[in-house]
Student: 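Please see the structure below; I have some questions.
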Amino acid sequence: MWRSGCRARVLLRRPNGRTTSLGAWRWASTMACERALLRYRVGEKIHGFTVSQVTSVPELSLTAVKLSHDSTGAQHLHLAREDRNNLFSVQFRTTPMDSSGAPHVLEHTVLCGSQRYPCRDPFFKMLNRSLSTFMNAFTASDYTLYPFSTQNPKDFRNLLSVYLDAAFFPCLRELDFWQEGWRLEHEDPNDPQTPLVFKGVVFNEMKGAFTDNERMFSQHVQSHLLPDHTYSVVSGGDPLCIPDLTWEQLRQFHATHYHPSNARFFTYGNFPLEQHLKQIHEEALSKFQRIKPHTTVPAQKPWDKPREFQITCAPDSLAAGSSEQTTISVSFLLPDITDTFEAFTLSLLSSLLISGPNSPFYKALIESGLGTDFSPDVGYNGCTREAYFSVGLQGIAEKDIQTVQDLVDRTLDDIIEKGFEDDRIEALLHKIEIQMKHQSVSFGLALTSYVASCWNHDGDPVELLKLGSQVAQFRKCLEENPKFLQEKVKQYFKNNQHKLTLSMKPDDKYSEKQMQLEAEKLKQKVNSLSPEDKQQIYEKGLELQAQQSQPQDASCLPALKVSDIEPRIPFTEVEVALAAGDIPVQYCTQPTNGVVYFRAFSSLNTLPEELRPYVPLFCNVLTKLGCGALDYRELAQQVDLKTGGLAATPHVLPDDSHLDTYEQGVLFSSFCLDRNLPDMMHLWSEIFNNPCFEAEEHFRVLVKMTAQELSNGVPDAGHLYASIRAGRMLAPAGDLQETFGGMDQVRLMKRIAEMTDIKPILRKLPHIRKHLLNCDNFRCSVNATPQQMSQVENSVDNFLRTLSRSKKERKPAHPHVVEKPAPKGPGRHSPFTRKLVTSQDPGTLDDS
């Protein structure tokens with residue numbers, strides 16, 4: 001999988017830290033952390049590795065252990081944390097110097113069998129032999145990453161064996177290169193009279209990627225801003241250059257890049273480190289000697305004056321406004337990402353510049369009405385050795401390019417003069433604190449992605465994790481110099497000569513030109529073939545076809561036995577009680593690290609059919625238009641100051657026992673620090689009881705942004721849209737899922753965004769509210785620590801008592817509604833029922 005312009009440090013939307021020490025109560029969350037802190041000592045030798053650092057990171061409840069392999073120099077980072085979902089990854093610095101896609105093709109080809117496990121596609125074959133919670137591989141601009149996670153110790157060892165063998169001892173057969181990379185083959189492999197064409201998994205994948213205008217714009221920003229080395233090429237491969245890659249070049253790339261001396265190993269969780277090191281050493285590293293990999297990325301030479309470039313793209317038939325599809329961005333090269341505090345500061349500064357309706361660039365660009373949304377890859381990007389910042393607009397008229405450039409310059413001048421409001425800085429620091437405490441089930445995967453880019457360039461991954469100290473240092477800098485951030489804006493933006501202005505406009509003949517270039521490349525390749533070459537291509541095509549059709553023997557792969565699996569699944573105890581009279585609330589005590597999680601579900605059963613297509617739009621704007629005495633800017637500020645975000649999303653829940661039955665509604669979700677719970681519930685109360693649907697201009701801005709985001713997402717998620725469309729004919733729930741999240745919704749939003757008078761759409765929102773924002777057919781769930789549960793119950797009860805009730809019971813819009821008890825656990829049911837829609841006569845359903 002190719003990641004273009006990937007966002008570095010996605011752990012907490014980089015940067016994220018916290019300002020106070022981790023709080024009170026956890027259920028043994030520090031057991032593995034404390035064991036590692038007491039067990040390992042700097043200089044200690046463990047299975048061929050030497051411990052170089054042992055550091056406690058209390059912000060994340062973990063202990064970081066850094067090691068290096070004595071004979072190869074391979075680096076290893078272990079994060080000991082009491083988390084059952086253990087993760088492994090191995091990362092190689094892959095720095096191509098052309099766009100033939102060697103790193104990407106190699107990522108695919110190493111997964112086609114290895115010395116110990118020669119069966120084709122061992123990763124796919126492991127799916128039914130494993131209890132993995134994640135398995136994948138990623139190619140970024142300058143590294144390739146192979147991660148997996150699992151909760152089972154034996155499964156971890158099995159997967160580690162497969163991953164190590166695939167990465168270090170792949171078969172790299174020529175036929176696998178033909179299949180995964182590129183090949184010349186007859187349109188009909190069985191008929192040598194049919195024309196020769198380009199085929200190959202990566203070749204076709206990148207042809208698809210090159211139709212994604214957002215991806216290509218991001219790639220060009222990176223290539224033009226960092227033109228001196230590996231970032232000037234396409235690591236995933238340019239379809240016009242991929243056919244220049246040879247099998248021998250691929251094998252050589254593996255030999256020089258997939259070597260332990262160029263590797264960084266990462267393990268996370270509560271499994272013993274010693275076992276990991278023993279297996280890594282014995283199965284892989286002991287078979288190598290140290291080399292000098294020569295993969296370091298040199299610093300980009302700074303420019304002495306700004307540069308401008310123009311590119312073209314294919315028109316987007318799904319985007320609103322066919323005459324306004326030009327994109328422009330202004331980008332600035334920033335310092336090396338291994339300067340941890342400077343990177344933290346600039347990433348935080350980026351959030352102040354672009355995040356939310358109170359940010360200066362949102363006000364200057366988005367609300368100017370010139371475009372539909374920010375340009376692709378907006379904000380701070382730390383994926384490359386030197387970071388960069390981009391800002392601009394998409395969906396503009398070509399004549400407005402200079403206007404946008406002037407707005408960017410003028411906005412930077414205003415910031416240097418006026419600075420940022422204290423409340424915005426505090427809101428951002430609060431966001432950092434709460435996101436540090438909010439740790440998901442895939443926390444290990446988030447961590448390995450977070451440190452990957454910095455570590456890849458020999459930065460200190462442990463320093464990167466110590467965000468509490470970075471926040472403290474940031475506060476100190478602000479106290480000592482109130483103009484600290486303004487000076488950074490002046491230094492890195494106003495006075496920065498390494499500045500790129502990139503514009504992209506649609507060309508009606510773009511796709512035709514690309515096809516012509518591919519046809520010329522094909523003609524060049526075919527004309528260079530001798531009769532013997534053509535015969536060999538025909539025979540190789542038949543051989544590959546025969547190989548692909550042969551059943552694979554997966555018996556060489558490791559597998560779990562029943563005895564390796566815990567006989568019982570852990571059961572989470574929940575309590576269901578009625579609040580505010582008759583509203584069911586599910587309470588669950590968990591070690592949430594001082595965070596309270598709230599969710600609510602409101603049924604859509606009474607909503608008229610003609611309003612259903614507008615439910616996703618209603619959900620998208622509900623928490624962004626203001627409420628009560630708060631306008632949309634004030635509401636956004638309070639959400640950032642008091643919560644981790646408020647969200648509303650349409651939900652279609654198919655019944656697990658009847659294909660024709662489903663539940664429909666909207667899921668409301670949010671989380672906050674326990675001290676802010678009353679404030680969060682007050683915000684929800686204001687949104688439910690006093691939503692603002694009068695801000696027409698801001699509503700228009702939100703509509704344009706939503707339509708643009710949907711249109712941009714189609715190329716990268718075409719398979720998902722196809723799946724939703726196919727599912728609409730299989731069950732009634734599928735039809736509603738198409739309405740809410742399929743191509744029907746994309747086209748609807750395009751039509752709304754193109755409307756000159758948007759008032760008729762805005763007038764629909766209060767009608768949806770009447771059916772949705774009340775306590776009819778409403779239920780909630782809350783997760784919190786035991787110490788906070790009493791406060792939680794009071795706050796939720798107070799919120800529910802503010803909700804309106806229908807004066808008379810509304811009839812369901814659908815003729816058939818059935819009531820079913822909500823499941824509570826194996827063989828158990830909650831004391832409340834759910835109202836489900838069915839296409840059958842309810843009398844024919846068996847509720848057993």
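This one's a predicted model, so the numbers in the text were calculated from it and none came from an experiment.
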Student: Less than 3.5 Å apart, any donor N or O on the side chain of Ser132 or Thr150 sitting next to an acceptor on the other?
Tutor: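 Note: Ser132 and Thr150 side chains miss the donor-acceptor criterion.
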Student: For Glu610, look at atom CD and say whether over 12 heavy atoms of other residues, nucleotides or ligands are found less than 6.0 Å away.
Tutor: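 Yes, because the 6.0 Å sphere around CD of Glu610 holds more than 12 heavy atoms from other groups.
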Student: Determine whether a donor-acceptor pair (N or O, by modelled atom type, separation under 3.5 Å) exists between the side chain of Thr739 and the backbone of Asp735.
Tutor: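 Pair found, side chain donor or acceptor close to backbone of Asp735.
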Student: Taking it one step at a time, do Tyr268 and Asp83 satisfy side chain to side chain donor-acceptor pair (under 3.5 Å)?
Tutor: CA-CA 8 Å; Tyr268 163 89; Asp83 188 341; 2.6 Å; yes
Student: Kindly give the heavy-atom pair with the smallest separation between Trp684 and Ser669, and that separation in Å.
Tutor: CZ2-O, 3.6 Å
Student: For Arg215 and Asp716, run salt bridge (Lys or Arg N to Asp or Glu O under 4.0 Å): C-alpha distance rounded to whole Å, both residues' side-chain angles, the deciding distance at 0.1 Å, then the answer.
Tutor: CA-CA 9 Å; Arg215 271 193 180 192; Asp716 206 34; 3.1 Å; yes
Student: Establish, from distance only, whether the side-chain atoms of Thr785 and Thr592 form a donor-acceptor pair under 3.5 Å.
Tutor: no
Student: Taking Asn136 for the side chain and Phe148 for the main chain, is one N or O donor matched with an acceptor at less than 3.5 Å?
Tutor: no
Student: Between Glu694, His698, Arg700, which is the residue that forms a side-chain contact (heavy atoms from CB on, under 4.5 Å) with Glu696?
Tutor: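 Passing option: Arg700.
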Student: Output yes when a side-chain donor or acceptor of Asn774 lies under 3.5 Å from a complementary backbone atom of Lys770, and no otherwise.
Tutor: yes
Student: Would you sort out whether Met135 and Phe123 count as a side-chain contact (heavy atoms from CB on, under 4.5 Å), showing the intermediate values?
Tutor: CA-CA 8 Å; Met135 288 178 66; Phe123 275 32; 3.9 Å; yes
Student: I'd like to check Leu803 versus Phe778 (side-chain heavy atoms, cut-off strictly below 4.5 Å). Are they in contact?
Tutor: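 Yes; the side chains approach each other to less than 4.5 Å.
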Student: CG/Leu635 to SG/Cys692 distance, rounded to the nearest 0.5 angstrom?
Tutor: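 Rounded to the nearest 0.5 Å, the CG-SG separation comes out at 9.5 Å.
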Student: Quick one: are the ring centres of Phe271 and Phe156 less than 6.0 Å apart?
Tutor: yes
Student: Let's go through Asn777 and Ser602 carefully: what are the C-alpha distance in whole Å and the side-chain angles of both, what is the deciding distance for side-chain contact (heavy atoms from CB on, under 4.5 Å) to 0.1 Å, and is it a yes or a no?
Tutor: CA-CA 6 Å; Asn777 301 317; Ser602 184; over 6 Å; no
Student: Could you measure the distance from the CD atom of Gln745 to the CE atom of Met743? Nearest 0.5 Å is fine.
Tutor: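 Gln745 CD to Met743 CE: 11.0 Å, rounded to 0.5 Å.
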Student: Report yes or no: does Thr211 contribute a side-chain atom to a donor-acceptor pair with the main-chain N or O of Gly208 at less than 3.5 Å?
Tutor: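 Judged by distance alone, yes, a pair lies under 3.5 Å.
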Student: Verify the distance criterion only: is there a donor paired with an acceptor across the side chains of Lys154 and Asn158 at less than 3.5 Å?
Tutor: no
Student: Do Cys619 and Thr649 have side-chain heavy atoms sitting under 4.5 Å apart?
Tutor: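 A side-chain contact is absent here, since even the closest heavy-atom pair is not under 4.5 Å.
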Student: Side chain of Arg769, backbone of Asn689: donor and acceptor closer than 3.5 Å?
Tutor: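 Looks like yes, one N/O pair under 3.5 Å.
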Student: Grab the two heavy atoms, one from Tyr662 and one from Pro654, that are nearest each other, plus how far apart they are.
Tutor: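 Where Tyr662 meets Pro654 most closely, the heavy atoms are CB-CA, 3.9 Å.
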Student: Report the distance from atom CD of Glu214 to atom CG of Asp373, rounding to the nearest 0.5 Å.
Tutor: 8.0 Å
Student: For this output row, return yes or no: ring centroids of Phe688 and Phe668 closer than 6.0 angstrom.
Tutor: yes
Student: Please step through ring pair (Phe, Tyr, Trp, His ring centres under 6.0 Å) for the pair Tyr597 and His438, ending with a clear verdict.
Tutor: CA-CA 10 Å; Tyr597 297 87; His438 169 61; 5.5 Å; yes
Student: Given Leu445 and Phe134, is the side-chain contact (heavy atoms from CB on, under 4.5 Å) satisfied, shown in steps?
Tutor: CA-CA 9 Å; Leu445 181 63; Phe134 185 85; 3.8 Å; yes
Student: Restricting to non-hydrogen atoms, name the atom on Leu748 and the atom on Pro613 that form the minimum distance, rounded to 0.1 Å.
Tutor: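 That would be CD2-O, 3.4 Å.
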Student: So if I apply the side chain to side chain donor-acceptor pair (under 3.5 Å) rule between Asn605 and each of Glu663, Lys835, Gln664, which one comes out positive?
Tutor: Gln664
Student: State plainly whether the residues Glu609 and Arg612 are in salt-bridge range, i.e. N to O under 4.0 Å.
Tutor: yes
Student: Step by step, would you call Leu604 with His771 a side-chain contact (heavy atoms from CB on, under 4.5 Å)?
Tutor: CA-CA 7 Å; Leu604 285 171; His771 293 270; 6.0 Å; no
Student: Can you check whether Gln394 reaches Pro376 side chain to side chain, under 4.5 Å on heavy atoms?
Tutor: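 SC-SC contact between Gln394 and Pro376 confirmed.
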Student: Is there a side-chain contact between Met680 and Leu683, using heavy atoms and a 4.5 Å cut-off?
Tutor: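 No, every pair of side-chain atoms sits at 4.5 Å or beyond.
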Student: Tell me whether Asn676 contacts the main-chain N or O of Asp679 through its side chain, where contact means a donor paired with an acceptor under 3.5 Å.
Tutor: no
Student: Please say whether the positively charged group of Lys764, taken as NZ for Lys or CZ for Arg, lies over the ring of Tyr614, i.e. under 6.0 angstrom from the six-membered ring centre and within 45 degrees of the axis.
Tutor: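 Yes, Lys764 and Tyr614 form such a contact.
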Student: Has the side chain of Ser795 got a donor or acceptor atom that lies under 3.5 Å from a matching backbone atom of Leu677?
Tutor: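 Pair absent, no side-chain N/O of Ser795 close to backbone of Leu677.
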Student: Under the criterion side chain to side chain donor-acceptor pair (under 3.5 Å), I'd like the reasoning laid out for Ser89 against Thr448: C-alpha separation, chi angles, the key distance, then a yes or no.
Tutor: CA-CA 7 Å; Ser89 72; Thr448 194; 2.9 Å; yes
Student: In terms of heavy-atom contacts, does CG of Leu127 have more than 12 from other residues, nucleotides or ligands at under 6.0 Å?
Tutor: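 More than 12 within 6.0 Å, yes.
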Student: Where do Asp564 and Ala559 come nearest, in terms of heavy atoms and distance?
Tutor: OD2-O, 4.4 Å
Student: How long is the gap from CG on Asn86 to CG on Asn152, to the nearest 0.5 Å?
Tutor: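 Between atom CG of Asn86 and atom CG of Asn152 there are 10.0 Å.
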Student: Can you tell me if Ser711 uses its side chain to pair, donor with acceptor, with the backbone of Ala707 under 3.5 Å?
Tutor: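 No: the side chain of Ser711 does not pair with the backbone of Ala707.
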Student: Examine the side chains of Asn712 and Asn213 and answer whether a donor and an acceptor come within less than 3.5 Å of each other.
Tutor: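 Short answer, no.
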Student: Flag the pair Thr372 / Met705 as yes when at least one side-chain heavy-atom distance between them is below 4.5 Å, and no otherwise.
Tutor: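 Side chain of Thr372 against side chain of Met705, heavy atoms only: no contact under 4.5 Å found.
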Student: With no hydrogens and no angle check, is any side-chain donor or acceptor of Asn85 less than 3.5 Å from a backbone partner on Val441?
Tutor: yes
Student: Please name the pair of heavy atoms, one in Arg84 and one in Pro570, separated by the smallest distance, quoted to 0.1 Å.
Tutor: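 Shortest heavy-atom contact: NH1-CG, 4.1 Å.
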Student: Is any side-chain heavy atom of Thr572 closer than 4.5 Å to one of Gln590?
Tutor: yes
Student: Return the minimal non-hydrogen interatomic distance between Ala580 and Asp797, and the atom names on each side.
Tutor: N-OD1, 2.8 Å
Student: To the nearest 0.5 Å, what is the distance between CD1 (Ile761) and CD1 (Ile752)?
Tutor: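 Ile761 atom CD1 to Ile752 atom CD1 measures 4.5 Å (nearest 0.5 Å).
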Student: Just so I know, are the side chains of Tyr721 and Arg725 near enough to count as touching, which here means a heavy-atom distance under 4.5 Å?
Tutor: no
Student: May I ask you to say whether Asp155 pairs ionically with Arg129, meaning some side-chain N is under 4.0 Å from a carboxylate O?
Tutor: no
Student: Does Tyr362 reach the side chain of Val701, with side-chain heavy atoms less than 4.5 Å apart?
Tutor: yes
Student: Does Phe799 offer a backbone N or O that forms a donor-acceptor pair with the side chain of Thr802 under 3.5 Å?
Tutor: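 Yes, the answer is positive, given that a donor and an acceptor are paired below the 3.5 Å cut-off.
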Student: Identify whether the distance between the nearest side-chain nitrogen and carboxylate oxygen of Glu433 and Arg675 falls below 4.0 Å.
Tutor: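 Yes, this pair counts.
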Student: From Asn794 CG over to Met789 CE, what is the distance, rounded to the nearest 0.5 angstrom?
Tutor: 12.0 Å
